[in-house]
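For reference, the structure discussed in these notes is given below.
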Amino acid sequence: MKIRLIATDMDGTFLDDEKQIPEANWQALLACAARGIQIVPATGRTVRGIPDRIRTLPGVRYAITTNGAVVADLKEDRIISTCRIPVDTALRVLEMARDSGDDIMYDAYMDGIGCTTQYFYDHAERYAVSAGVAALIRKTRRVVPDNIRYVKEMGKEIDKINMFFTDMEARKRMRVSLGQIPGILVTSSIPNNLEINAAGADKGSALLRLAEFLGIGREETMAFGDGENDLSMLRAAGLGVAMENGEEQVKQASDFVTVSNNDAGVASAIRKFVLE
């Protein structure tokens, strides 16, 4: 199998649980880059949330961000394709979180950064599943007085809406309510969040759009993931690889299950299928 493009999720996949890059993963990508293989971060994060070390890795020029809502050329700092939530729909989703009566942190991603309130910024640990996630929240957010009013005033389409829950029953209720809104796609990347994108904005569709843009066939692509928001990408890729620490539905949708993110599972599968 000749692989020309490798797309990898970041959190729970390429990065270990401490949000660090295992050395074996780093060396494997360097070896792929030396062979001319495109290395594509494929993440729910914005461009700003991609670690600088990954952005400067040889072979990394393009990125799939905010779950596929934005495909970016990092070298030329330009956007290749987008699939965003209309303003009216975004406001409906955000107001649903605000008015639910449940303890929910809600952010809207616009222009490559999440817009949050001072309260949510200051209390990120309350909603994050780990200190690393709390730090990432603060790194990738802009504080505004009222993020719903800000979205309304700016009048721009939204890349993604993220919700964090302190109560899993509230999360279940919200997912049911969101299912009544047409034109959106609801996924998740960690146990206590929901990620809302425009219908059609998923990592799999973005991977295929980018591959077509680069003249690369679907069968020449490889993808790694661990969470629900990676499902479409694992199914779309020529070779979909799930992490051992991934959700069961992700493993079932993949072609191969590698070892965990903490054991450099990305490197293990790359050595098996690409470098040997």
Side-chain angles (χ1 to χ4, degrees), residues 11 43-50 63 65-72 77-79 81-129 133-190 192-202 229:
D11 303 290
T43 179
R45 303 183 183 199
T46 64
V47 169
R48 181 172 177 167
I50 299 172
T65 69
T66 49
N67 289 339
V70 176
V71 179
D77 191 26
R78 68 185 179 95
I79 293 174
S81 68
T82 63
C83 185
R84 292 176 166 136
I85 307 171
V87 176
D88 288 348
T89 302
L91 289 171
R92 182 179 175 185
V93 171
L94 291 166
E95 288 166 356
M96 185 179 291
R98 180 195 64 192
D99 300 338
S100 67
D102 293 312
D103 188 9
I104 305 171
M105 176 179 178
Y106 49 90
D107 298 328
Y109 289 63
M110 181 194 308
D111 295 331
I113 190 169
C115 302
T116 195
T117 65
Q118 191 68 56
Y119 176 84
F120 291 146
Y121 187 90
D122 291 343
H123 296 84
E125 283 82 4
R126 176 176 177 81
Y127 302 95
V129 295
V133 171
L136 179 63
I137 287 172
R138 292 196 173 98
K139 179 181 177 181
T140 56
R141 300 300 194 273
R142 172 191 294 128
V143 175
V144 296
D146 182 328
N147 52 359
I148 296 179
R149 187 172 70 233
Y150 183 78
V151 168
K152 187 179 298 185
E153 290 174 349
M154 294 300 292
K156 294 183 178 181
E157 293 183 325
I158 301 302
D159 298 340
K160 185 181 81 166
I161 294 169
N162 205 341
M163 297 182 188
F164 291 93
F165 297 80
T166 58
D167 178 356
M168 294 304 97
E169 289 302 314
R171 181 178 180 270
K172 290 180 182 178
R173 290 193 296 270
M174 179 57 68
R175 186 148 201 173
V176 171
S177 296
L178 290 170
Q180 307 304 310
I181 300 178
I184 62 172
L185 174 67
V186 182
T187 59
S188 178
S189 60
I190 56 177
N192 76 321
N193 88 330
L194 290 176
E195 302 184 12
I196 299 93
N197 286 90
D202 59 76
N229 63 339

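Note that the structure is predicted; figures quoted are calculated from it, not measured.
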Applying the side-chain contact (heavy atoms from CB on, under 4.5 Å) criterion to Leu94, which one of Asp107, Ile158, Val151 satisfies it? Val151

Sidechain-backbone polar pair: Arg175 side chain, Val186 backbone, donor-acceptor under 3.5 Å: yes

Please walk me through it: do Met168 and Asn192 pass side-chain contact (heavy atoms from CB on, under 4.5 Å)? CA-CA 7 Å; Met168 294 304 97; Asn192 76 321; 3.4 Å; yes

Ring centroids only, cut at 6.0 angstrom: are His123 and Tyr127 within range, meaning strictly under it? no

Ala97 and Met163: which non-hydrogen atoms are nearest, and at how many Å? CB-CE, 3.8 Å

Between CE on residue Met174 and CG on residue Leu194, distance to nearest 0.5 Å: 8.0 Å

Apply salt bridge (charged side-chain N to carboxylate O under 4.0 Å, His left out) to Arg126 and list each qualifying residue two or more places apart in sequence or on a separate chain. Asp103

Would you check if the side chain of Arg138 reaches a backbone N or O of Asp122 as a donor-acceptor pair within less than 3.5 Å? yes

Asn193 versus Ser188, side-chain donor and acceptor atoms under 3.5 Å: yes

Side-chain touch Phe120/Ile137, heavy atoms, less than 4.5 angstrom: no

Can you name the nearest heavy-atom pair linking Thr140 to Arg48, along with the distance? CG2-C, 4.5 Å

Should we count NZ of Lys139 as having more than 12 external heavy atoms under 6.0 Å? yes

Taking atom OG1 of Thr46 and atom OH of Tyr109, what is their separation to the nearest 0.5 Å? 7.0 Å

What closest approach, in Å, do Glu157 and Pro86 show between heavy atoms, and which atom pair accounts for it? CG-CA, 4.3 Å

Does a sphere of radius 6.0 Å around CG in Asp77 hold more than 12 heavy atoms from other residues, nucleotides or ligands, not counting ones at 6.0 Å or beyond? no

Can you see whether Asn147 engages Thr117 through a side-chain donor-acceptor pair at a distance of less than 3.5 angstrom? no

What are the two closest non-hydrogen atoms of Cys83 and Ala201, and how far apart are they? O-CB, 3.4 Å

Do the side chains of Val70 and Arg84 get nearer than 4.5 Å, heavy atoms only? yes

Between Val93 and Tyr106, is there a side-chain heavy-atom distance shorter than 4.5 Å? no

Find the distance between CG (Asp88) and NZ (Lys152) and round it off to the nearest 0.5 Å. 9.5 Å

Using side-chain hydrogen bond (donor to acceptor under 3.5 Å, both in side chains) as the criterion, point out the one residue from Asn67, Thr187, Asn197 that pairs with Asn229. Asn67

Indicate yes or no: at least one non-hydrogen side-chain atom of Arg45 is less than 4.5 angstrom from one of Lys160. no

Is any side-chain heavy atom of Arg141 less than 4.5 Å from a side-chain heavy atom of Asn162? yes

Contact summary for Gly112 and Asp159, nearest pair of heavy atoms: N-OD2, 3.8 Å

Heavy-atom nearest pair, Thr89 first then Pro182, reads CG2-O, 4.4 Å

side-chain contact (heavy atoms from CB on, under 4.5 Å) between Thr116 and Val143, intermediate numbers included: CA-CA 5 Å; Thr116 195; Val143 175; 4.3 Å; yes

Less than 4.5 Å apart, any side-chain heavy atom of Ile148 and any of Arg98? yes

Interatomic spacing from CZ in Arg142 to OH in Tyr150 - rounded to 0.5 Å: 4.0 Å

Just one of Leu178, Ile104, Ile196, Ile161 clears the side-chain contact (heavy atoms from CB on, under 4.5 Å) bar with Met96, so which one? Leu178

